[in-house]
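Right, one structure below, let's go through it.
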Amino acid sequence: MIRNLSGMIVRYLYSRGALEKSMIEVCRYGYEVLLFNLMNALIILILGIILHRLLYSAVFFFIFAVVRQYCGGYHSRSTVICTAVYISIYLLIMLIASTELSDNLFTLSVNLILCMCFVSSSAAFAPIENPDKPIDVSDAVKFRKISVILGLALTAICLGVYAVDSNISAVISSTLLVITLLMLAGKGTFSRA
């Protein structure tokens, strides 16, 4: 559906002379990513309202969208599977942040350990290249640095807000944990390809 819609947009722009033929595939991919991200943002917004977890949802979405852009990780070939996994991850993190499990399990030291797992994985592996979106060497070095800096900044935020709202800290650290796992899964998947 998203691929078809992005194709229609690109064909329309090409027919109007707004795109050169050599840019059709790049623009199609760009519109596909844009539409996919807008759809995910809308889904998370709606679920955040339904679950009365709008702030936690915004924190999750921001971290997931921004950090994954620089560190990469596993990507499903199917947008349906990708969306289902994304929503499942989101719901699991909202469940964790909404229960006593968050207070009992996500202590300050556990939050620090989870965040540092992300930072160390980013320093070692980021970015994990998507086969559909190759990264040149200079961008790879830049993306690795940005991933580590984002990880350190989010670690400081996670630890800083812990006293005010430990559930937000749990959302931050558990989202970074999931991104770490997706990086490791992507490393294993793409290195075999």
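Here, residue 1 is the first one in the sequence, and each next residue gets the next number.
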Seminar exercise, completed: Heavy-atom nearest pair, Leu154 first then Ile172, reads O-CG2, 3.8 Å
Exercise. Does anything in residues 85-96 pair up under side-chain hydrogen bond (donor to acceptor under 3.5 Å, both in side chains), and if so which pairs, sequence neighbours excluded?
Worked result: Ser57-Tyr90
For this session: Give every residue pair that meets the side-chain hydrogen bond (donor to acceptor under 3.5 Å, both in side chains) criterion with at least one member in residues 160-173, sequence neighbours excluded.
Result: Tyr56-Asp165, Tyr56-Asn167, Ser102-Asn167, Asp103-Ser166, Asn111-Ser173
For this session: Examine distances only and state if a side-chain atom of Arg144 and a backbone atom of Ala126 form a donor-acceptor pair shorter than 3.5 Å.
Result: yes
For this session: Mark yes or no for whether Thr83, through its side chain, and Val80, through its backbone, hold a donor-acceptor pair below 3.5 Å.
Result: no
Exercise. If every non-hydrogen atom of Cys115 is compared with every non-hydrogen atom of Thr155, which pair is closest and at what distance?
Worked result: CB-OG1, 3.1 Å
Exercise. Among all residues two or more places apart in sequence or in another chain, which pass the side-chain contact (heavy atoms from CB on, under 4.5 Å) test with Val85?
Worked result: Ile81, Ile89
Quiz: residues 32-48 side-chain donor-acceptor pairs under 3.5 angstrom, not counting sequence neighbours:
from: Glu32; atom 1: OE1; to: Arg28; atom 2: NH1; distance (Å): 2.3
from: Glu32; atom 1: OE2; to: Arg3; atom 2: NH2; distance (Å): 3.3
from: Asn37; atom 1: ND2; to: Val33; atom 2: O; distance (Å): 3.4

Exercise. Does the side chain of Phe60 reach to within under 4.5 Å of the side chain of Met94, using non-hydrogen atoms?
Worked result: yes
Problem set entry | Pairwise side-chain hydrogen bond (donor to acceptor under 3.5 Å, both in side chains) hits with a residue in residues 145-154, at least two apart | none
For this session: Using a 4.5 Å cut-off on heavy atoms from C-beta on, say whether the side chain of Leu108 contacts that of Leu159.
Result: yes
For this session: Kindly give the heavy-atom pair with the smallest separation between Met116 and Leu152, and that separation in Å.
Result: CE-CD2, 4.5 Å
For this session: Indicate the atoms forming the closest heavy-atom contact of Asp139 with Ile135, along with that distance.
Result: CB-CG2, 3.6 Å
Seminar exercise, completed: Applied to residues 98-131, the ring pair (Phe, Tyr, Trp, His ring centres under 6.0 Å) test, sequence neighbours excluded, yields none
